[in-house]
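Here's the structure we're looking at; comments come further down.
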Amino acid sequence: MRLLRRFLKQVGSKMAPEVVMIDSKRFTLSREMRRRGFSRENLVYAGTYLGRNRRRFAPGSPLLQMLASEEGTRKVHLDRDAAWLFVCGRDIFEENIRRVEGNLELGGHYLVMFDGRCIGYGRFETSAGIHVIRNLFDLGDFLRRED
């Protein structure tokens, strides 16, 4: 739970979801599922997938979409070409950022947006003297893991 809260704080979210933990995975349940009650024995999946704990919290795409619709989260908006490179696992140069919601500051974590949808997130940092959004997670990750 600590890693999830840290991630939410890093992107500027005020969200405080009720979380169900199953192994290293985190889920949130609908009101109806919470009201019904259930046994946690032998559960593998429950409700909406938020992400999992690794060395840091690895968010799932449903959580990123929830955060994208939340006011006040830090977001950078890209054009089509930059968004394609980001989804292919590349970092984004500062000059390719079209619009920023929130302050663009070194070390800050940002949701990366294209056409109103969140395609991943990254950290604003300096690489070889150039400011970039370092790709920490993108939706193309699922395809790259396929063999």
Side-chain angles (χ1 to χ4, degrees), residues 1-35 40 43-146:
M1 190 65 187
R2 175 179 44 92
L3 294 175
L4 171 60
R5 280 195 303 264
R6 181 184 301 157
F7 170 76
L8 293 173
K9 183 179 176 185
Q10 287 171 336
V11 296
S13 175
K14 305 273 189 272
M15 184 184 293
E18 285 189 40
V19 175
V20 173
M21 296 180 283
I22 302 172
D23 297 326
S24 65
K25 299 176 190 125
R26 305 294 180 254
F27 300 89
T28 186
L29 301 176
S30 66
R31 285 186 183 152
E32 186 172 323
M33 283 187 76
R34 277 184 271 148
R35 189 170 34 98
R40 291 190 186 195
L43 269 182
V44 177
Y45 200 94
T48 303
Y49 179 67
L50 298 177
R52 73 179 326 155
N53 287 345
R54 292 192 173 151
R55 280 190 7 229
R56 62 176 188 255
F57 183 75
S61 56
L63 175 61
L64 292 176
Q65 295 308 321
M66 284 187 259
L67 293 172
S69 64
E70 185 181 342
E71 290 291 322
T73 54
R74 297 177 178 177
K75 300 173 190 138
V76 293
H77 296 264
L78 306 177
D79 63 13
R80 178 180 297 275
D81 295 334
W84 173 251
L85 290 172
F86 186 81
V87 170
C88 290
R90 301 289 183 91
D91 298 335
I92 299 300
F93 296 116
E94 184 177 22
E95 61 265 14
N96 292 324
I97 297 172
R98 297 291 167 239
R99 186 167 53 102
V100 177
E101 293 181 38
N103 296 329
L104 194 59
E105 54 191 39
L106 287 174
H109 288 73
Y110 296 86
L111 299 175
V112 178
M113 308 289 292
F114 171 69
D115 201 27
R117 299 201 34 98
C118 184
I119 59 174
Y121 81 101
R123 183 177 50 243
F124 187 60
E125 45 185 64
T126 302
S127 177
I130 300 170
H131 289 119
V132 298
I133 298 284
R134 173 83 55 209
N135 185 330
L136 298 177
F137 174 79
D138 62 82
L139 296 179
D141 178 60
F142 300 115
L143 296 174
R144 289 192 301 274
R145 283 189 276 158
E146 285 290 318

Looking at Glu105 and Arg74, what are the two nearest heavy atoms and their distance? OE2-NH2, 3.2 Å
Closest heavy-atom pair, Leu4 versus Pro17, reported as atoms and distance to 0.1 Å, is CD2-CG, 4.5 Å
How long is the gap from CZ on Arg5 to CD on Gln10, to the nearest 0.5 Å? 13.0 Å
CD (Glu95) with more than 12 external heavy atoms under 6.0 Å: yes
Just how far is it from atom CG of Asp115 to atom CG of Leu78, taken to the nearest 0.5 Å? 11.5 Å
Heavy atoms only: give me the nearest Gly122-Ile133 pair and the separation to one decimal. CA-CG2, 3.9 Å
Interatomic spacing from CG in Asp23 to CZ in Arg52 - rounded to 0.5 Å: 8.5 Å
Between Met15 and Leu8 the two heavy atoms that sit nearest each other are O-CD1, 3.6 Å
Give, for atom NE2 of His109 and atom CZ of Arg134, the distance between the pair rounded to the nearest 0.5 Å. 11.5 Å
I need the minimum non-hydrogen distance between Ser127 and Val132, along with the two atoms involved. CB-CG2, 4.0 Å
side-chain contact (heavy atoms from CB on, under 4.5 Å) between Glu101 and His77: does it pass, once the steps are laid out? CA-CA 8 Å; Glu101 293 181 38; His77 296 264; 2.7 Å; yes
Can you establish whether the number of heavy atoms outside Arg98 located under 6.0 Å from its atom CZ is more than 12? yes
Just wondering, more than 12 heavy atoms not from Arg90 lying within 6.0 Å of its CZ? no
Output yes when a side-chain donor or acceptor of Asn135 lies under 3.5 Å from a complementary backbone atom of Phe86, and no otherwise. yes
Any non-hydrogen side-chain atom of Met21 less than 4.5 Å from a side-chain atom of Arg26? yes
Would Asp138 and Val112 satisfy side-chain contact (heavy atoms from CB on, under 4.5 Å), going step by step from the backbone distance to the final call? CA-CA 9 Å; Asp138 62 82; Val112 178; over 6 Å; no
Starting at OG1 of Thr73, measure out to OH of Tyr110 and round the result to the nearest 0.5 Å. 11.5 Å
Could you pull out the closest heavy-atom pair between Met66 and Thr48, with the gap in Å? CE-CG2, 3.9 Å
Measure the spacing between CG of Leu63 and OH of Tyr121 and express it to the nearest 0.5 Å. 10.0 Å
Do the non-hydrogen side-chain atoms of Asp81 and Leu85 ever get within less than 4.5 Å of each other? no
Show the numbers, then the answer: is there a side-chain contact (heavy atoms from CB on, under 4.5 Å) between Leu106 and His131? CA-CA 8 Å; Leu106 287 174; His131 289 119; 3.5 Å; yes
Determine the interplanar angle of the Phe7 and Phe57 rings, folded into 0 to 90°, and report it as parallel if under 30°, tilted if 30 to 60°, perpendicular if over 60°. tilted
side-chain contact (heavy atoms from CB on, under 4.5 Å) between Leu111 and Leu64: does it pass, once the steps are laid out? CA-CA 8 Å; Leu111 299 175; Leu64 292 176; 3.8 Å; yes
